[in-house]
Student: 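What follows is a single structure, and I will ask about it in a moment.
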Amino acid sequence: MPKLDVAFVLELVPEELGQLKTVVIDVLRATSTIVAAMSAGVPYIVPVATVEAATRLAADYAERGGCYLGGERNKLPPPGFDCGNSPLEYLQLSSEKPVVFTTTNGTRALNRVIDSKEILIGSLGNAAAVAEVLVTSPEDILLVCSGTLGQIAAEDVLCAGLIIQEMQNRATVLLTDAARIALASYQRVAGNLTEYLLQTRSGQGLSQLGLERDVLHAAEVNYSPVIPKFTDGRIIAWESSRA
């Protein structure tokens, strides 16, 4: 039976990842935004580490039909970007162009697990869909909480706990102690999840910037069947990766 573990911050991710299936979680807001964008029909997303690299790549795409340039620094879109890091923006995109995307923690987390056997993107919004895939995995699984600059982000731990609960609803799962902590954390606040997210450090910071609706959207559980997968430098829909 595969083992399920949770890394509460990127610094706890093991060096050897080659035999692991990993799920990257950054609820407020990168992975919630990725799930929203792909749910809206974006064909793929290219995550990059810096604003400068994102701007250069977007200029290259301008000669090939264009792209959306999206992301954030200090929670706000950099100058010249089409979109920030708000999932609600991406749900309203009007054409099926790819997105070049850079964020403070989410893209850093993807780079940290680049050597994994498979990398999926998880949020509260697609937790059940992700769990459906994970319960069939022959590999050990690591749920990776992006955190905030090396500190634990409660919302990421809660998302890991929801994914674990959804897996337990479908199969018997072998949990590490860290996975048990994440599961217990989610079960403790499941009935008051939205209010809890608003009270987190990230939730309060977004609300102070007038972005409370982003938190409310990120708290929506299991609204999307989309499972983004990071492969060959792109985030695509998991189903299309099997075609």
Side-chain angles (χ1 to χ4, degrees), residues 4-12 23-36 39 72 74-76 84-91 103-106 108-109 120-131 134 141-170 173 175-228:
L4 176 61
D5 197 8
V6 177
F8 293 131
V9 291
L10 298 184
E11 288 72 14
L12 294 177
V23 181
V24 171
I25 300 167
D26 185 5
V27 171
L28 295 176
R29 296 167 287 170
T31 60
S32 296
T33 298
I34 289 167
V35 170
S39 298
E72 59 76 33
N74 299 317
K75 299 184 176 66
L76 297 174
N85 191 22
S86 167
L88 297 172
E89 290 181 275
Y90 293 81
L91 284 172
T103 70
T104 305
N105 296 301
R108 176 170 166 255
L120 304 181
I121 309 293
S123 72
L124 293 167
N126 72 337
V130 169
L134 294 181
I141 298 159
L142 179 65
L143 306 182
V144 177
C145 301
S146 297
T148 303
L149 300 176
Q151 298 185 34
I152 291 175
E155 63 273 9
D156 295 346
V157 178
L158 296 178
C159 181
L162 173 59
I163 293 172
I164 294 165
Q165 178 169 285
E166 292 288 353
M167 291 178 67
Q168 287 191 327
N169 290 343
R170 294 163 171 78
V173 184
L175 304 182
T176 66
D177 284 353
R180 292 181 186 280
I181 291 170
L183 176 60
S185 298
Y186 174 74
Q187 291 174 335
R188 178 174 173 271
V189 303
N192 198 28
L193 185 60
T194 299
E195 185 60 34
Y196 193 91
L197 259 62
L198 287 168
Q199 293 173 359
T200 63
R201 178 178 53 189
S202 294
Q204 291 183 42
L206 290 167
S207 295
Q208 289 167 5
L209 292 171
L211 298 170
E212 181 177 303
R213 291 179 65 226
D214 285 358
V215 184
L216 300 179
H217 175 81
E220 293 184 17
V221 170
N222 295 336
Y223 80 88
S224 176
V226 171
I227 307 165

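In this chain, numbering begins with 1 at the start of the sequence shown.
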Student: Between Thr31 (side chain) and Gly122 (backbone), is there a donor-acceptor pair under 3.5 Å?
Tutor: yes
Student: Distance only, no hydrogens: is a donor on one side chain within 3.5 Å (strictly under) of an acceptor on the other, for Gln199 and Glu195?
Tutor: yes
Student: Does anything in residues 199-218 pair up under salt bridge (charged side-chain N to carboxylate O under 4.0 Å, His left out), and if so which pairs, sequence neighbours excluded?
Tutor: Arg29-Asp214
Student: Would you confirm whether Glu72, through its side chain, and Thr104, through its main-chain N or O, come within 3.5 Å as a donor-acceptor pair?
Tutor: yes
Student: Counting N and O atoms only, with roles assigned by atom type, does the side chain of Thr200 sit under 3.5 Å from a partner on the main chain of Ala154, one being a donor and the other an acceptor?
Tutor: no
Student: Could you check whether any side-chain heavy atom of Ile152 comes within less than 4.5 Å of a side-chain heavy atom of Cys145, counting everything from C-beta outward?
Tutor: no
Student: Going by side-chain contact (heavy atoms from CB on, under 4.5 Å), name the residues that satisfy it together with Ser39, two or more places apart in sequence or in a different chain.
Tutor: Val35, Tyr223, Ser224, Val226
Student: With sequence neighbours excluded, tell me which residues meet side chain to side chain donor-acceptor pair (under 3.5 Å) with Thr148.
Tutor: none
Student: Residues in side chain to side chain donor-acceptor pair (under 3.5 Å) with Ser146, at least two apart?
Tutor: none
Student: Tabulate below the donor-acceptor pairs under 3.5 Å that side-chain atoms of residues 159-166 make, not counting sequence neighbours, or state none.
Tutor:
residue: Gln165; atom: OE1; partner: Gln187; partner atom: NE2; Å: 3.4
residue: Glu166; atom: OE1; partner: Arg170; partner atom: NH1; Å: 2.9
residue: Glu166; atom: OE2; partner: Asn222; partner atom: ND2; Å: 2.8

Student: Using side chain to side chain donor-acceptor pair (under 3.5 Å) as the criterion, list what pairs up with Asp26, not counting sequence neighbours.
Tutor: none
Student: Sequence neighbours excluded, which residues qualify as salt bridge (Lys or Arg N to Asp or Glu O under 4.0 Å) partners of Glu89?
Tutor: none
Student: Taking Val23 as the fixed residue, which of Leu4, Val6, Val144, Leu120 is the one that meets the side-chain contact (heavy atoms from CB on, under 4.5 Å) rule?
Tutor: Leu120
Student: Distance-only, no hydrogens or angles: does the Tyr90 side chain make a donor-acceptor pair with backbone N or O of Gly84 under 3.5 Å?
Tutor: yes
Student: Under the rule for ring pair (Phe, Tyr, Trp, His ring centres under 6.0 Å), what residues qualify as partners of Phe8, not counting sequence neighbours?
Tutor: none
Student: Roughly how far, to the nearest 0.5 Å, is CG of Leu175 from CE of Met167?
Tutor: 8.0 Å
Student: Quick test of your reading: applying salt bridge (charged side-chain N to carboxylate O under 4.0 Å, His left out), list the pairs with at least one residue in residues 151-163, sequence neighbours left out, ordered by first then second residue.
Tutor: none
Student: Check step by step if side chain to side chain contact (heavy atoms under 4.5 Å, CB included) holds for Leu134 and Leu143.
Tutor: CA-CA 11 Å; Leu134 294 181; Leu143 306 182; 4.1 Å; yes
Student: For Thr33 and Thr103, run side chain to side chain contact (heavy atoms under 4.5 Å, CB included): C-alpha distance rounded to whole Å, both residues' side-chain angles, the deciding distance at 0.1 Å, then the answer.
Tutor: CA-CA 11 Å; Thr33 298; Thr103 70; over 6 Å; no
Student: For atom CG of Asn192, decide whether the heavy atoms of other residues, nucleotides or ligands shown that lie under 6.0 angstrom number more than 12.
Tutor: yes
Student: Going by the rule side-chain contact (heavy atoms from CB on, under 4.5 Å), which residues pair with Thr176 if we only count those two or more places apart in sequence or in a different chain?
Tutor: Lys3, Asp5, Ala178, Ala179
Student: What pairs of residues pass the salt bridge (charged side-chain N to carboxylate O under 4.0 Å, His left out) test when at least one of them lies in residues 176-192, not counting sequence neighbours?
Tutor: none
Student: Going by side chain to side chain donor-acceptor pair (under 3.5 Å), name the residues that satisfy it together with Glu220, two or more places apart in sequence or in a different chain.
Tutor: none
